Number of protein chains: 2
Amino acid sequence: MSTFLRTLDRMSATAGPAAPHRPTKLQLLELLAAIGTAQWRDFAAAAAHYGLTSTQARVLAELKGPVPMRGLATLLVCDASNVTGIVDRLEARGLVRREPSPVDRRVKNVVATDEGRDVIRRVREEMQATHGALDTLDEEEGATLYALLERLRPTMEKDA
Amino acid sequence: MSTFLRTLDRMSATAGPAAPHRPTKLQLLELLAAIGTAQWRDFAAAAAHYGLTSTQARVLAELKGPVPMRGLATLLVCDASNVTGIVDRLEARGLVRREPSPVDRRVKNVVATDEGRDVIRRVREEMQATHGALDTLDEEEGATLYALLERLRPTMEKDA
DNA sequence: CCAAGTACTTGATGAGATAAAACATCTGCG
DNA sequence: CGCAGATGTTTTATCTCATCAAGTACTTGG
């Protein structure tokens, strides 16, 4: 609680005249959206640096172990037929391999190759380097933000 | 986007069990990404409910006044030739209008029609309705969250 | 006035998304 | 057991969105 108050104090000291003190729900939604898209663009840029589309990078990042095509579709929240093409392109570049499931002959498991693992590792590193954004928050502010966002999360994920 | 999440998750794997009062940078990023993802999917779903793609809805949302094609391209961070098609489709549905700029005959300003404004208003309402999440914050907490997020935004937009 | 720059469009190309349908395989129930 | 229905994958068609290259129309500054 005292953390809250001090955070507010610091904010009113640094916020300047432009900061609205009573944001509407809509303003908050728009701000969240703006930050979300900024993050997404960062991810896409890091992926592009290694010749990947963001979707391809997304798939590659999922492949910690073998994942069936259908499983990828579920993870990506998209149609299974869509995954075929994405994995085709990754496979053509040698970043990924299809192998038949030992337990179900209908299923093809997708596995990252060594090169695939290497590429996604580099994308991750680049993301970390890019995000100095949060360094502008001190420890208390970070804790405050985290606590507030965490309360938002469960309600917003209902549609997943 | 959900992979993006998991990627960040994996990146912060060394942090161990969550220490809620001292979140790491990566934990914060993960949380922001989680909320951003959920919100983006909600936005897309609300837009789809009115027969709009998320990109089309995004354009409509930008049209608070007349905006030149080139300006839209800048806002969307994409090629100008891309905007032509998006606005074509919106115009074909009567949600948007091109009108010549009075000051520069090269320029076409895009304006939302009454119907366009109505549709985007409904999309926004649907999002707000979906996100009772924000109702769990009281006024002070909302203001705190807004101020913190606002400080994050400019830093994250640096890379355009 | 004219060269260079800017705004927009067109056309080619490619990724990603969905829907419908084909095909092989698995599963459960009579 | 055997078959009907469900499931996993791919193909094909169609759309949107993204880029690049080129072309047209207009503006601007030397």
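Letters A, B, ... mirror the listed sequences (proteins, then strands); counts begin at 1. Since the model is a prediction, treat every value here as computed from it, not as a measurement.
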Enquirer: Taking the minimum atom-to-atom distance to the side chain of A:Val107, which one of C:dT9, C:dA15, D:dT9 wins?
Expert: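 Among C:dT9, C:dA15, D:dT9, the one nearest the side chain of A:Val107 is D:dT9.
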Enquirer: Figure out the CD1/C1' separation between A:Ile86 and C:dA17, and round it to whole Å.
Expert: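 These atoms are roughly 9 Å apart.
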Enquirer: Taking only the side-chain nitrogens and oxygens of A:Arg89, find out if one of them lies under 4.0 Å from OP1 or OP2 of C:dG16.
Expert: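 For C:dG16, OP1 or OP2 has a side-chain N or O of A:Arg89 closer than 4.0 Å.
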Enquirer: How far apart are the C-alpha atoms of A:Val111 and A:Val67, what are their side-chain angles, what is the distance that settles it, and do they pass the side-chain contact (heavy atoms from CB on, under 4.5 Å) test?
Expert: CA-CA 7 Å; A:Val111 194; A:Val67 182; over 6 Å; no
Enquirer: Rounding to a whole Å, what distance do you find between B:Met69:CE and D:dA25:P?
Expert: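 In whole Å, D:dA25 P lies 18 Å from B:Met69 CE.
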Enquirer: From CZ of A:Arg58 over to P of C:dG16, roughly how many Å is that when rounded to an integer?
Expert: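 In whole Å, C:dG16 P lies 11 Å from A:Arg58 CZ.
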Enquirer: Select base, sugar-phosphate, or nothing to describe what B:Asn82 touches, counting heavy atoms under 4.0 Å on all strands.
Expert: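 The answer is base, as B:Asn82 lies within the cut-off (heavy atoms under 4.0 Å) of a base atom.
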Enquirer: Mind checking A:Thr55 for me? I need base, sugar-phosphate or nothing, with any heavy atom below 4.0 Å counting as a touch.
Expert: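 Sugar-phosphate, no base atom in range.
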Enquirer: Identify whether any heavy atom of A:Thr53 sits under 4.0 Å from a base atom; if not, whether one sits that close to sugar-phosphate; answer base, sugar-phosphate or nothing.
Expert: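 The answer is sugar-phosphate, as A:Thr53 gets under 4.0 Å only of primed atoms, P, OP1 or OP2.
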Enquirer: Using the side-chain heavy atoms of B:Arg70, tell me which of these nucleotides is nearest: C:dC26, C:dG16, C:dA7.
Expert: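 Selected nucleotide (nearest to the side chain): C:dA7.
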Enquirer: For C:dA7, does OP1 or OP2 lie under 4.0 Å from any side-chain N or O of B:Ser101?
Expert: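 For B:Ser101, the contact criterion (side-chain N or O under 4.0 Å from OP1 or OP2 of C:dA7) is not met.
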Enquirer: Please determine if a side-chain N or O atom of A:Arg98 lies less than 4.0 Å away from the OP1 or OP2 oxygen of D:dT10.
Expert: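 Checking A:Arg98 against D:dT10: at least one side-chain N or O falls below 4.0 Å of OP1 or OP2.
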Enquirer: Could you check whether the side chain of A:Ser81 and the base of C:dA19 have a donor-acceptor pair of N or O atoms closer than 3.5 Å, going by distance alone?
Expert: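 Yes, a donor-acceptor pair under 3.5 Å.
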Enquirer: Under 3.5 Å, is there an N or O donor on one side and an acceptor on the other linking the side chain of A:Arg106 and the base of D:dT7?
Expert: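 Yes.
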Enquirer: Look at all strands and tell whether A:Thr84 reaches a base, only sugar-phosphate, or nothing, counting heavy atoms closer than 4.0 Å.
Expert: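 Answer is base: heavy atoms of A:Thr84 come under 4.0 Å of a base.
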Enquirer: Find the distance A:Glu99:CD to D:dG8:C1' and express it as a whole number of Å.
Expert: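 Computing the A:Glu99:CD to D:dG8:C1' distance gives 16 Å.
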Enquirer: Can you measure from CG (B:Leu60) to OG1 (B:Thr113) and round to the nearest 0.5 angstrom?
Expert: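 Atom-to-atom, B:Leu60:CG and B:Thr113:OG1 are 8.0 Å apart.
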Enquirer: B:Gln56 has a side chain; which of C:dG16, D:dT16, C:dT18 sits nearest to it?
Expert: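 The answer is D:dT16.
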Enquirer: Within the distance-only criterion (no hydrogens, no angle test), does the side chain of A:Ser101 pair as donor or acceptor with the backbone N or O of A:Asn109 below 3.5 angstrom?
Expert: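 Side chain of A:Ser101 to backbone of A:Asn109, a donor-acceptor pair under 3.5 Å: no, none is there.
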Enquirer: Could you tell me the separation between the CG atom of B:Asp79 and the C1' atom of D:dC17, rounded to a whole number of Å?
Expert: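 Going from CG in B:Asp79 over to C1' in D:dC17 covers 11 Å.
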Enquirer: Figure out the CH2/C1' separation between B:Trp40 and D:dC17, and round it to whole Å.
Expert: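 Taking atom C1' of D:dC17 as the reference, CH2 of B:Trp40 is at 12 Å.
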Enquirer: Does this structure show an ion pair linking A:Glu125 with A:Arg121, if we count only N-O contacts that are shorter than 4.0 Å?
Expert: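 A salt bridge is present here (some side-chain N lies under 4.0 Å from a carboxylate O).
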Enquirer: Atom CG of A:Asp88 to atom P of C:dA15: distance rounded to whole Å?
Expert: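 Interatomic distance, CG of A:Asp88 to P of C:dA15: 11 Å.
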Enquirer: When you measure from the side-chain N and O atoms of A:Arg105 to the phosphate of D:dG8, is any distance below 4.0 Å, counting only OP1 and OP2?
Expert: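 No, A:Arg105 has no side-chain N/O under 4.0 Å of OP1/OP2 on D:dG8.
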